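Just follow the structure's listing: the first ligand is 1, and inside any ligand the first atom is 1. Please read these numbers as outputs of a predicted model, since none were measured by experiment.
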Amino acid sequence: MNDLFDGLDPPPPAREDIAPGAVLLRGRALAHEAALIEAVAAIAAQAPFRHMIVPAGFTMSAAMTNCGDAGWVTDRGGYRYDAIDPESGRPWPAMPDVFRALAGAAAAEAGHPGFAPDACLVNRYAPGARLSLHRDTNERDFTQPIVSVSLGLPATFQFGGAKRSDPTRRIALRHGDIAVWGGPARLAFHGILALKDGEHPRLGRMRINLTFRKAR
Ligand code: MD3
Ligand code: FE
């Protein structure tokens, strides 16, 4: 039994179907962790993480930046995708090849061949930061999935239904996990509970989440 994989490729990462349209590829990003972390640092050097303000006037506890042809932004005026970083007046950093390739491969493995994201929202959580229950509705085509990559400290993800009042499940998202949200899961309510403190060997007291979108 120990020798089952001797001389062969390692087993594929575990696939969990967590709901119709929602596929969790545990550990799928682990082989790319160094390249992903370096790419996030390069993005943040050009477009620093910032705490955006939601239309109601509250400051988000997660810090955000973007890469790609479009970036998700919020301010007192509302939520939108914008080709320009409002903090710098310059375009968002280009999407790194490792991001596009990994998101496309994960989407294909989950049943969405040809996924070509034009936007990547990068969320950074410090201990205590959270993301309250919401839906992602600023994209043009809801037949396109969203692909998420979790790095650093683990988080408790809340996954609900089509209505805010629907019951939610709690799912642990850990370093290296990739999830693909398509079909009926695409418009489900979801959120992240307040991040528990801890120390991650690669990222310290931090969680980073990449969400790949086809915004336009
Ligand atoms: C289910 N991010 O950026 S990733 C977001 O961990 C966002 O930072 C969370 O929700 C994070 O909008 C959750 C998992 C995720 C992302 C997008 C989804 C789940 C989703 C879109 C539709 C349904
Ligand atoms: Fe979301």
Exercise for the section: Using the ring pair (Phe, Tyr, Trp, His ring centres under 6.0 Å) rule, take F157 and W181 through it: C-alpha gap first, then chi angles, then the decisive distance, then the call. Expected result: CA-CA 13 Å; F157 174 70; W181 313 91; 5.0 Å; yes
Practice task
Tell me whether the guanidinium CZ or amine NZ of R164 lies under 6.0 angstrom from the six-membered ring centre of F189 and within 45° of its axis.
Solution key: no
Exercise for the section: Output yes when a side-chain donor or acceptor of D177 lies under 3.5 Å from a complementary backbone atom of G27, and no otherwise. Expected result: yes
Fill in the blank from the handout: Atom name of the N, O or S atom of D136 nearest to the Fe ion (ligand 2) is OD1
Handout entry: N/O/S atom name from H134 that is nearest to the position of the Fe ion (ligand 2)
Key = NE2
Handout entry: S150 versus R207, side-chain donor and acceptor atoms under 3.5 Å
Key = yes
Completion exercise
On a heavy-atom basis, the closest approach of I84 and P91 is CD1-N, 3.9 Å
Please tabulate, one line per pair, the protein nitrogen or oxygen atoms found under 3.5 angstrom from a nitrogen or oxygen of ligand 1, with distances to 0.1 Å, or say none if there are no such pairs.
| from | atom 1 | to | atom 2 | distance (Å) |
| --- | --- | --- | --- | --- |
| ligand 1 | 3 (O) | N123 | OD1 | 3.0 |
| ligand 1 | 3 (O) | R213 | NH2 | 3.1 |
| ligand 1 | 6 (O) | R207 | NH1 | 2.8 |
| ligand 1 | 6 (O) | R207 | NH2 | 3.1 |
| ligand 1 | 8 (O) | N123 | OD1 | 3.0 |
| ligand 1 | 8 (O) | Y125 | OH | 2.6 |
| ligand 1 | 8 (O) | N209 | OD1 | 3.3 |
| ligand 1 | 10 (O) | H134 | NE2 | 3.2 |
| ligand 1 | 10 (O) | H190 | NE2 | 2.9 |
| ligand 1 | 12 (O) | H134 | NE2 | 3.2 |
| ligand 1 | 12 (O) | D136 | OD1 | 3.3 |
| ligand 1 | 12 (O) | D136 | OD2 | 3.0 |
| ligand 1 | 12 (O) | R213 | NH2 | 3.0 |

Handout entry: Sidechain N-carboxylate O distance under 4.0 Å for D118, R213
Key = no
Exercise for the section: Verify whether one side chain among Q158 and H190 offers a donor that lies under 3.5 Å from an acceptor in the other. Expected result: no
